Each structure stands twice: as structure tokens, then as C-alpha cells.
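So you know, we letter chains A, B, ... as the sequences are listed, proteins then strands, and number each from 1. Please read these numbers as outputs of a predicted model, since none were measured by experiment.
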There are 2 protein chains.
Amino acid sequence: MSSFDNLKSIGLKATLPRLKILTLFEESKKRHLTAEEVYKTLTDEGLEIGLATIYRVLTQFEQAGLLIRHNFDQGKGTFELTSSQHHDHLVCTKCGHVEEFFDNEIEKRQTDIANKLGFEITDHSLNLYGECKNPAECKNNK
Amino acid sequence: MSSFDNLKSIGLKATLPRLKILTLFEESKKRHLTAEEVYKTLTDEGLEIGLATIYRVLTQFEQAGLLIRHNFDQGKGTFELTSSQHHDHLVCTKCGHVEEFFDNEIEKRQTDIANKLGFEITDHSLNLYGECKNPAECKNNK
DNA sequence: GTATATGCAAAACTTTTGCATCCTT
DNA sequence: AAGGATGCAAAAGTTTTGCATATAC
């Protein structure tokens, strides 16, 4: 499905800002972006777009299930395309590089624990913070 | 060790604001507090204390290892006393109640995964979000 | 007495909102 | 043409900082 149809299917008009933002997430090497990063990238490409629009669109995309919001850092949201497969994250505190992983056993135990404690889980976030062991790769992904 | 000695041992002067803040965490029923909650609680007790001081002290306590900072919500830090035993959190999205848990198997698998992916873990955060099943308790812990 | 800590006000930073204008359908 | 979307500027919420004053040792 094209980005254009993608927008229509969630009931949003296919405007230039929305198309550009969605395409950025689909084609960027960096899968995890903050509002500020989206703004800077698009502005650098010569697109005239307001930061307020970025925030509005990111929120709409999140509500439509197109994007997921993470709170890797204090006081700053990071977004990524919702992928078919849920996953958790390793975040390098040196260079900001984000790696993804999935572990079925961890998922299962989370559910068990929530059940035992009388919670109905709607969501969860598991982030491992540390340092890439490879300094070269660390730099490249900054 | 008293709060007083506790402060001295980390090289901080035992001032009234610091003593009050530390004591609050030690004696409060609510183990997880934001800067604003600390401010409001102490102000309500009649203590004249600036919000800036709260932030400075919380940061110092965190750096000294006395408190841990969590990012349960977007854009707002939550602090708790560092306890002898590391643990993770369930957060009720309805009432804000926070429950703690520890699972050795999850911990172990996290380490394994990080090793496999070439990360050296310095920290991690696992938060399960959902709803308390008991509405009564939910309200009481608000 | 000296160094450190505090309070206040102002500023920084991220995110949201009001409103006039513009664009998609 | 009509409703929704955008851009700008102002505002809101959290956290930080500069500086004069106050406090701990």
C-alpha cells in the first residue's frame, strides 16, 4: 500500500506534510526519530513545514496505530513505524543508536506476572541502556 | 543509618530541604514521587521550599545513588528510593498506582540478549502499563 | 568566616493550542 | 464550496540556571 493510500485508509487527507513525514519514516535509515529530528530533516530538504504540524501529525499517526511513541529519554518522545512484530529496544547511551530485539520468554513472563498481580496489561516498554561495544559502528549510527 | 548521616556520607550538607525530602521518600506510603508531588507535599506541611531546590536535590540524590529516576510518563520524571533489590514496575494508567516486581529469568535473558548484540548494559527499564483489576484499590492509591 | 545551599525570577526545552489562511476533496 | 489542515505565534508544562541572600560547618 502506498503512503497515499495509507493515509486515506485511516481517514486523513493526503497532504504534503503528512506524506513527507510518513515517507521519511518508511525510507530513513534511522528508524527511531524525535519530532525535532523529523523537523530538521524535512527542513534541510527544503520543505517548509511548521514544528506544530510535525507534532500534530505524529500524534495523529500514533493514534491511528501507524507509529509507536517511546520514552527513551526523559522529556522527549521518540517515534518509530509500527512494525508487524512487536519488539523491545537496546539504546546506546553514548551515540543514541537503537537496536531491536524480541524474546518470547520475556513476553510470556510479563503476562504471567501481570496476571498474578491483578493487572490487565495494555502496553509495555522494555529498554536496555548501555554502550555499543564497537566504537566505529557507534559513531556511524549517530 | 539516619537521614542526617546518610547525607553526610555522600558529601552533602545536612540542610533542612534535603532532610525533609529524604525523609519524605523514606516515610511516604507512595514510594514513587514526581518533583511536583514532593513540592506539593512539603509545601502543604507548611515548609517553605522552592521548586528549583527540589529539582536540584532530586538530581543530587540521583547522582549519589540514593534515588532512581524513572520515565513512566512522557515529559515527567518519577523518583523512588534506591532499594537493596532491583525491581521493575507495573503502572496503572487509570490511577497512577505503581506496583513492583522482580523476575530473575527476565533479568537473566536481558543480559544474554545484550551480550549477543554487543551491548554492555548499564541500566534497564521495564514498565508494564495497564489497569488495576480492583477499582477500589485503584482509587485508594491515587 | 568560608564554602555551599537556597529562593526567586528568568530562561530553556518540549509540546500544545488559538486563529487566520490555505489546501484537499 | 466546505471541511479539514497548516503555519505562526503565543501559551503551557517541566526542568535548568543566574544571582543575591542565607545556612551549615
Under 3.5 Å, which donor-acceptor pairs link side chains of residues 40-54 of chain B to any protein atom two or more places apart or in another chain?
residue: B:Lys40; atom: NZ; partner: B:Asp44; partner atom: OD2; Å: 2.9
residue: B:Thr41; atom: OG1; partner: B:Glu37; partner atom: O; Å: 2.7
residue: B:Thr43; atom: OG1; partner: B:Tyr39; partner atom: O; Å: 2.8

Looking at A:Glu120, I'd like to know if its CD atom is crowded, meaning that more than 12 non-hydrogen atoms belonging to other residues, nucleotides or ligands lie closer than 6.0 Å. no

Contact state string [nucleotides 5-15 of chain C, B base, S sugar-phosphate only, - no protein heavy atom under 4.0 Å]: SBBBB----SB

Between CD of A:Gln63 and C1' of C:dT16 the distance, given in whole Å, is 13 Å

Using a 3.5 Å cut-off and no angle test, enumerate the donor-acceptor pairs between side-chain atoms of residues 68-78 of chain B and protein atoms at least two apart in sequence or in another chain.
residue: B:Arg69; atom: NE; partner: B:Glu62; partner atom: OE1; Å: 3.4
residue: B:Arg69; atom: NH2; partner: B:Glu62; partner atom: OE1; Å: 3.4
residue: B:His70; atom: NE2; partner: B:Glu80; partner atom: OE2; Å: 2.7

Establish, with yes or no, whether the OP1 or OP2 oxygen of C:dT25 is under 4.0 angstrom from a side-chain nitrogen or oxygen of A:Lys8. yes

Residues forming a side-chain hydrogen bond (donor to acceptor under 3.5 Å, both in side chains) with A:Lys8, sequence neighbours excluded: none

For A:Leu81 and A:Arg31 the tightest heavy-atom approach is O-NH2, 4.0 Å

Send over the distance from A:Leu42 CG to D:dG7 P, rounded to a whole Å. 11 Å

May I have the distance from B:Leu7 (atom CG) to C:dT4 (atom C1'), rounded to whole angstrom? 14 Å

Would you mind reading off the distance between A:Tyr39 atom OH and D:dG7 atom C1', rounded to a whole angstrom? 10 Å

B:Leu33 has an atom CG; how far is it from atom C1' of D:dT14, in whole Å? 16 Å

Atom CZ of B:Phe4 and atom C1' of D:dA24: how far apart are they, to the nearest Å? 9 Å

In degrees rounded to 10°, what angle is found between the helical axes fit to the five outermost pairs at each end of the helix from C:dG1-D:dC25 to C:dT25-D:dA1? 30°

Of all residues at least two apart in sequence or in a different chain, which pass the side-chain hydrogen bond (donor to acceptor under 3.5 Å, both in side chains) check with A:Glu36? none

Do you know which two heavy atoms are closest between A:Phe119 and B:Cys92, and how far apart they sit? CE2-N, 3.7 Å

Rounded to the nearest 0.5 Å, what's the gap from CD1 on B:Ile106 to NE2 on B:His124? Could you check? 8.5 Å

